[in-house]
Amino acid sequence: MVRASREDRAEREFLVAVYLLNPLTRAWDIDLLLEAEFSIAAPGGAEIQIAAANGANGRLGELICRSQAASAEAAVELVYDAVADLLGRWCVTHGRGMEIAGLRVADMVHQAKWRAVPFRPSTIDATADIGDGLTAEHRALAALYRQARNASSPIQRLLCAMRILDSFAAGQRHLKSLPTGSCTHNMFDNCSGFRVSREMLVLSGAWSRHADLEGQDLHVLIQTLQPVRTRLLGMLAGEALDTDIGTYSWLFQLSGLANLADCAAHQILSGDFALWRQSRSSDYYDMEEVV
């Protein structure tokens, strides 16, 4: 059914159900009540029929949208942009936060279905990670990484993660707490210990557009990310407003790069933390083994 849907390029009916999220409470509904069915015009003039699905508490949890499109991807982009505009108007009107949390898609002709929702990984035992406090430098970098991890916006995730990458690439990481003579080098001096892996590219969603980054060092990665950061900072700093902001295609491209920056920051920072913890051990200082 999925193969038939992908091969069919004719216009037909798709159903795209949009899950909504309250960013403050993380509940899968927003602070609105909506009963009536209605229609909205998508960018480009196409009409989308929308039915509201409310949760047990009566708050709006899902918008079920019907539209005509030639593929599931086209239907998602059409509906996403239209719903994003609608949420933007509601957000301004009512002063409440609201996000798109996930999607369900169905090809009503071929009965093919897709679902995209946040993945909840397995629980991790943190007992072994309880220890002494961090240095001021580590604490600042950890705070930046936590901001990146906690943010659902790819803008914030990319900006915070890139600041961590800059810190290493500029040679500003010195592990000041290492005992004198405990090691002869830092694993990440000159970024020689880091390479972009295929796993990072695939997991981040950047493989389809940035496969050429495989095996590249940190400096090359930052050079690839820098134009995106410049564009974001220019928009936020008061230069020309980017009218593409929030659109599906804009977020799709940005999210892959934000995920990649996040993966790189995590790998480098966690490796640095491992070196720092190892350096505090009185029994073992061989950094080559850690590498």
Side-chain angles (χ1 to χ4, degrees), residues 21-26 97-102 116-124 126 129 133-173 175 187-188 191 193-207 209-210 213 216-237 242 245-246 248 250-277:
L21 176 74
N22 184 319
L24 181 62
T25 65
R26 311 310 294 174
M98 49 196 76
E99 293 182 6
I100 293 175
V117 295
F119 169 68
R120 181 164 185 148
S122 58
T123 304
I124 299 171
D129 299 323
L134 301 173
T135 66
E137 192 174 17
H138 281 123
R139 188 166 59 248
L141 292 174
L144 278 173
Y145 186 71
R146 190 160 66 93
Q147 288 291 322
R149 280 282 76 209
N150 289 348
S152 57
S153 167
I155 297 175
Q156 186 173 350
R157 289 194 292 113
L158 185 137
L159 293 178
C160 289
M162 280 201 68
R163 183 61 188 88
I164 296 171
L165 300 183
D166 286 342
S167 181
F168 283 86
Q172 296 170 358
R173 301 289 299 110
L175 289 180
M187 179 168 95
F188 294 107
C191 312
F194 172 83
R195 290 292 184 272
V196 178
S197 68
R198 180 174 299 187
E199 181 182 27
M200 291 169 59
L201 289 164
V202 171
L203 291 177
S204 67
W207 173 256
R209 294 173 179 265
H210 300 283
L213 284 174
Q216 297 295 333
D217 63 22
L218 184 56
H219 291 293
V220 174
L221 174 60
I222 290 177
Q223 289 172 6
T224 301
L225 297 171
Q226 183 57 43
V228 183
R229 174 166 58 179
T230 299
R231 180 182 180 186
L232 293 176
L233 291 176
M235 179 187 65
L236 295 173
D242 195 328
I245 183 172
Y248 180 82
W250 187 87
L251 288 170
F252 184 84
Q253 296 179 50
L254 178 61
S255 293
L257 293 176
N259 294 341
L260 182 58
D262 186 314
C263 287
H266 178 258
Q267 179 172 320
I268 292 176
L269 193 55
S270 60
D272 192 55
F273 271 41
L275 283 176
W276 176 72
R277 287 194 297 267

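In this chain, residues are counted from 1 in sequence order.
- Taken to the nearest 0.5 Å, the CZ atom of Arg209 stands 13.5 Å off from the CG atom of Leu201.
- Under the salt bridge (Lys or Arg N to Asp or Glu O under 4.0 Å) criterion, Arg149 pairs with Asp262, not counting sequence neighbours.
- In this structure, the side chain of Thr224 engages the main chain of Val220 through a donor-acceptor pair within 3.5 Å.
- Summarising the geometry, atom CG belonging to Leu232 is positioned 10.5 Å from atom CG belonging to Leu225; distances are rounded to the nearest 0.5 Å.
- Ile155 has its side chain within reach of Leu236: a pair of non-hydrogen atoms, C-beta onward, lies under 4.5 Å apart.
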- Run the side-chain contact (heavy atoms from CB on, under 4.5 Å) check on Arg157 and Asn259 step by step: do they pass? CA-CA 8 Å; Arg157 289 194 292 113; Asn259 294 341; 2.7 Å; yes
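- Every residue meeting the side chain to side chain contact (heavy atoms under 4.5 Å, CB included) condition with Thr25, not counting sequence neighbours, appears here in chain and number order: Asn22, Ala27.
- Annotation: the span from Leu165 atom CG to Arg163 atom CZ amounts to 10.0 Å, rounded to 0.5 Å.
- Atom CG of Leu203 and atom OG of Ser197 lie 8.0 Å apart (nearest 0.5 Å).
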- Item | Derivation of the side-chain contact (heavy atoms from CB on, under 4.5 Å) call for Glu99 and Arg26 | CA-CA 10 Å; Glu99 293 182 6; Arg26 311 310 294 174; 4.2 Å; yes
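- Within 6.0 Å of atom CD in Gln226, more than 12 heavy atoms from other residues, nucleotides or ligands are found, so the atom counts as buried in its surroundings.
- Annotation for Tyr145 and Leu269: closest pair CB-CD2, 3.9 Å, computed over non-hydrogen atoms.
- Scored by the side chain to side chain contact (heavy atoms under 4.5 Å, CB included) test, Arg146 finds Asn150 as partners (sequence neighbours excluded).
- Side-chain contact between Leu158 and Arg229: present, with at least one pair of heavy atoms (C-beta onward) separated by less than 4.5 Å.
- Of the inter-residue distances, the one linking Met200 atom CE with His210 atom NE2 reads 13.0 Å to the nearest 0.5 angstrom.
- With sequence neighbours excluded, no residue forms a side chain to side chain contact (heavy atoms under 4.5 Å, CB included) with Arg120.
- Contact between Gln267 and Arg195 at its shortest, heavy atoms only, is NE2-O, 4.4 Å.
- Between the CD1 atom in Ile100 and the OH atom in Tyr248 there is a gap of 10.5 Å [rounded to 0.5 Å].
- For Ala161, the side chain to side chain contact (heavy atoms under 4.5 Å, CB included) test picks out Ala261, Ala265, with sequence neighbours left out.
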Pairs of donor and acceptor atoms involving the side chains of residues 250-257, under 3.5 Å and at least two apart or interchain, shall be tabulated with distances.
residue	atom	partner	partner atom	Å
Ser255	OG	Leu251	O	2.7

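- At least one side-chain heavy atom of Leu260 sits under 4.5 Å from a side-chain heavy atom of Leu221.
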